[in-house]
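Report on the following structure.
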Amino acid sequence: MLESIKVTERLHWPEEEMSKKYILNYGGKAVSPSQVYLEKVSSTVLKDLLSAGSNSYNVLLQAEEEEKKSHKQSPYKRPKTSVKCGVTFGKRNRPGMAPRKARAPESGSKPAQTNRVLSSSHSSLLKPARSISVVGNTMSLNPRAAPQLRKTCIPNSPRTKLPSLHKATISREVENAKKLCILTAIKPSNVEREKVKFFKSDFNYNPQFEYSNPVSPLVLARHNSASDRFLTQAVHIMELALQRYGSYEKFEQITGGNLLTKSRIWHGVKKYMEKEGCMGEIVVQVTDDLLSRASMTVVNSRPTLTINISSAREHWLEGMLRHEIGTHYFRGINNCHQPWSSSLGRKKHNLKPLNPTEEGLASIHSVLFRKDPTLWRAALLYYTVYQASHMSFSQLFHSLGRFVQDPNTRWDYCVRAKRGQTDTAQPGCFSKDQVYLDGILKILRYRDKINFPLLMALGKVSFEDVDRLKTMAQMENVRIPHFMQDQARYAEQLTKIMAVNQLTDEELKTII
């Protein structure tokens, strides 16, 4: 579990001190107006920011299931903070309070994750938030009057405090405390031990996974249905990459480049945040204990980006940041301003599920400006889930050898598809990972009809709801990422993605 660490201002640091959290200053520039406005964000952003991060697709269990488990626990124990889901049930960090100092790690324990706060330098430069206009002439919306902001208390300290996302009521906090993030619940607690057994068996042993908070079979059954709707497209996309590069490993090295050091990751994230004007808004942490490449969550009431250092490559880093920050984070913030920001609001306006649009859009942004925007990962995830629904773990592992040689990479994909299962000798899958390719193909199918800046501005909505909701939208203070500003170039990139993956409009119209 991550704990708050005392923030220290420092611009240069030796490599061995990477496990501490720092503020990165940049030129004494004024803080982004949006940083002040975030202080007003309602508690519903917690759910919105978590509902569909890259590989942060969080499905909440029913409250009564958690209540059943609570009988086995001491009533005096407070639920722990979930690193993956980022939901905090403990005492909140209130504005103006200094972060707690972390306990020293015990000898022999695993090094702490590397954390930093990417921040502006002078809080005294904070100004009231201003409206951020949405680029594009096709919206023709009548913006409502901007909501009046609460007064922001500016401390005398030169440090910039992070925006804190507060809960509106105690009842909301109690309600959330009864829910459990399924992605945390289905992560096996004995992955490393089972991996050793699996590799020693020459890849023929079927892991027996254990879970700290097992999910009920009824809940797992809702996520155990795999589709073959886009299986032909998934296989074709991967075969094209193998024809061009010979193997996935060569594709990864040539198109992704070298793995990045921690310092280069920090530099890349800082540079991207400066482009988006969101310095000081997001806590960034680096770890090697993550099934996905990155995730955008909320930890201790603060937006938190976690990056997997084992898969952070030089040519793919910015795409990952467009995915997590430019898509998930900005759509979450924009959603806070809309009438449908709460679950009741979504029901009132009869909104469609935000996925597959949310993950499809984010996945498109991951490859948007790559020289080779092959949709390999989305295709492999889709294929792996389908195969897992019919195969044991060992059979799935050997099946993936058709596309991936490295056994460690294959292991990771198999664990993702089989998570939630105890006896992986049985067919079964966790079907969430099919949502990426599903969303990509549906968005590409209707790309000429979608108003992408408006889709971003409306928050966590499906592209199918955009036209119906635009007359009710609140357009003040919305955030549009920099890579969407030039819509002509954006459209060209979508066409390039179609061409590289040999997708045609005729084919998409047939299957969608």
Side-chain angles (χ1 to χ4, degrees), residues 55 57 84 182-217 219-239 241-242 246-252 288-293 308 310-311 376-437:
N55 308 301
Y57 177 95
K84 295 298 181 297
I182 195 173
L183 286 190
T184 295
I186 65 173
K187 181 179 179 181
S189 58
N190 62 335
V191 171
E192 293 304 320
R193 292 200 306 272
E194 291 302 284
K195 184 177 182 180
V196 171
K197 293 180 184 179
F198 180 75
F199 276 63
K200 283 184 177 180
S201 73
D202 196 25
F203 316 128
N204 292 314
Y205 166 73
N206 288 302
Q208 303 297 298
F209 288 137
E210 299 172 357
Y211 302 90
S212 301
N213 297 287
V215 178
S216 75
V219 173
L220 287 176
R222 294 203 296 266
H223 307 285
N224 191 35
S225 178
S227 170
D228 64 352
R229 184 180 185 183
F230 305 120
L231 190 62
T232 299
Q233 288 71 33
V235 171
H236 184 58
I237 287 168
M238 291 187 289
E239 287 178 340
L242 294 181
S247 69
Y248 169 73
E249 288 71 24
K250 290 182 180 178
F251 163 78
E252 185 178 53
D288 59 1
D289 183 27
L290 196 64
L291 281 176
S292 58
R293 294 181 175 178
N308 189 342
S310 64
S311 58
W376 173 281
R377 183 168 174 81
L380 183 56
L381 287 171
Y382 191 95
Y383 174 85
T384 303
V385 167
Y386 176 77
Q387 294 294 83
S389 68
H390 300 282
M391 298 179 176
S392 68
F393 191 103
S394 177
Q395 291 171 334
L396 177 63
F397 183 88
H398 292 293
S399 173
L400 293 187
R402 174 183 175 185
F403 299 108
V404 181
Q405 295 176 2
D406 179 48
N408 289 290
T409 302
R410 273 191 275 168
W411 165 267
D412 289 341
Y413 277 93
C414 289
V415 171
R416 282 182 66 102
K418 286 289 188 179
R419 52 188 165 166
Q421 281 189 282
T422 300
D423 180 10
T424 65
Q426 304 302 316
C429 67
F430 182 65
S431 60
K432 168 259 171 178
D433 280 339
Q434 287 195 321
V435 75
Y436 303 104
L437 186 63

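Quick caveat, the model's predicted, so the values are computed rather than measured.
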Return the set of residues passing side chain to side chain donor-acceptor pair (under 3.5 Å) with S310 (not counting sequence neighbours), or none when no residue passes.
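S310: side chain to side chain donor-acceptor pair (under 3.5 Å) contacts with N308.
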
Contacts of type side chain to side chain donor-acceptor pair (under 3.5 Å), residue D202, not counting sequence neighbours:
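Per chain and number, D202 pairs via side chain to side chain donor-acceptor pair (under 3.5 Å) with no residue.
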
Below 30° counts as parallel, above 60° as perpendicular, anything between as tilted: where do the rings of [X] and [Y] land?
{"X": "F198", "Y": "W411", "result": "tilted"}
{"X": "F430", "Y": "H223", "result": "tilted"}
{"X": "Y248", "Y": "W376", "result": "parallel"}
{"X": "F209", "Y": "Y211", "result": "perpendicular"}

Enter the distance from [X]:[atom1] to [Y]:[atom2] here, rounded to the nearest 0.5 Å.
{"X": "F393", "Y": "C414", "atom1": "CZ", "atom2": "SG", "result": "4.5 Å"}
{"X": "T384", "Y": "M391", "atom1": "OG1", "atom2": "CE", "result": "10.5 Å"}
{"X": "C429", "Y": "L220", "atom1": "SG", "atom2": "CG", "result": "10.5 Å"}
{"X": "I237", "Y": "L437", "atom1": "CD1", "atom2": "CG", "result": "5.5 Å"}
{"X": "L242", "Y": "R402", "atom1": "CG", "atom2": "CZ", "result": "9.0 Å"}
{"X": "I182", "Y": "N213", "atom1": "CD1", "atom2": "CG", "result": "12.0 Å"}

[X] side chain to [Y] backbone, donor-acceptor under 3.5 Å:
{"X": "S394", "Y": "F203", "result": "yes"}
{"X": "Q405", "Y": "E249", "result": "no"}
{"X": "N206", "Y": "Q395", "result": "no"}
{"X": "K418", "Y": "G428", "result": "yes"}
{"X": "Y382", "Y": "F230", "result": "yes"}
{"X": "Q434", "Y": "A226", "result": "no"}
{"X": "R419", "Y": "I186", "result": "no"}

Does the distance from a Lys or Arg side-chain N to an Asp or Glu carboxylate O, for R377 and E252, drop under 4.0 Å?
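Result for this pair is no, no salt bridge flagged.
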
Electrostatic pair K197:E194 at N-O distance under 4.0 angstrom
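Yes, charged N to carboxylate O under 4.0 Å.
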
Is it the case that the side chains of S399 and Q387 hold a donor-acceptor pair, with the cut-off being a distance below 3.5 Å and no angle test?
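Distance-only check passes for Q387 and S399.
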
Got a sec, which residues hit salt bridge (Lys or Arg N to Asp or Glu O under 4.0 Å) with K250, two or more places apart in sequence or on another chain?
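Checked K250 against salt bridge (Lys or Arg N to Asp or Glu O under 4.0 Å); zero matches.
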
Could you list the residues that satisfy salt bridge (Lys or Arg N to Asp or Glu O under 4.0 Å) with R229, not counting sequence neighbours?
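Testing R229 for salt bridge (Lys or Arg N to Asp or Glu O under 4.0 Å), a comparison that skips the adjacent residues, returns none.
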
Heavy atoms, side chains only, cut-off 4.5 Å: are [X] and [Y] in contact?
{"X": "T409", "Y": "L400", "result": "no"}
{"X": "F403", "Y": "V235", "result": "yes"}
{"X": "N408", "Y": "F199", "result": "yes"}

Name of the residue among N190, D423, T422 meeting side chain to side chain donor-acceptor pair (under 3.5 Å) with Q208:
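Answer to the side chain to side chain donor-acceptor pair (under 3.5 Å) test with Q208 among N190, D423, T422: D423.
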
I would like to know whether H398 and N204 meet side chain to side chain contact (heavy atoms under 4.5 Å, CB included); could you show each step before the answer?
CA-CA 9 Å; H398 292 293; N204 292 314; 3.5 Å; yes

Restricting to pairs with a member in residues 378-401, which pass salt bridge (charged side-chain N to carboxylate O under 4.0 Å, His left out), not counting sequence neighbours?
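Found none.
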
Would you mind listing every salt bridge (charged side-chain N to carboxylate O under 4.0 Å, His left out) that reaches into residues 204-214, with sequence neighbours excluded?
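Matches after skipping sequence neighbours: R193-E210.
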
Tell me, with the steps shown, if R416 and D433 meet side chain to side chain contact (heavy atoms under 4.5 Å, CB included).
CA-CA 8 Å; R416 282 182 66 102; D433 280 339; 2.5 Å; yes

Could you tell me which non-hydrogen atom of A417 sits nearest to which non-hydrogen atom of A388, and how far apart they are?
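Answer, listing the atom of A417 first, then A388: CB-CB, 3.8 Å.
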
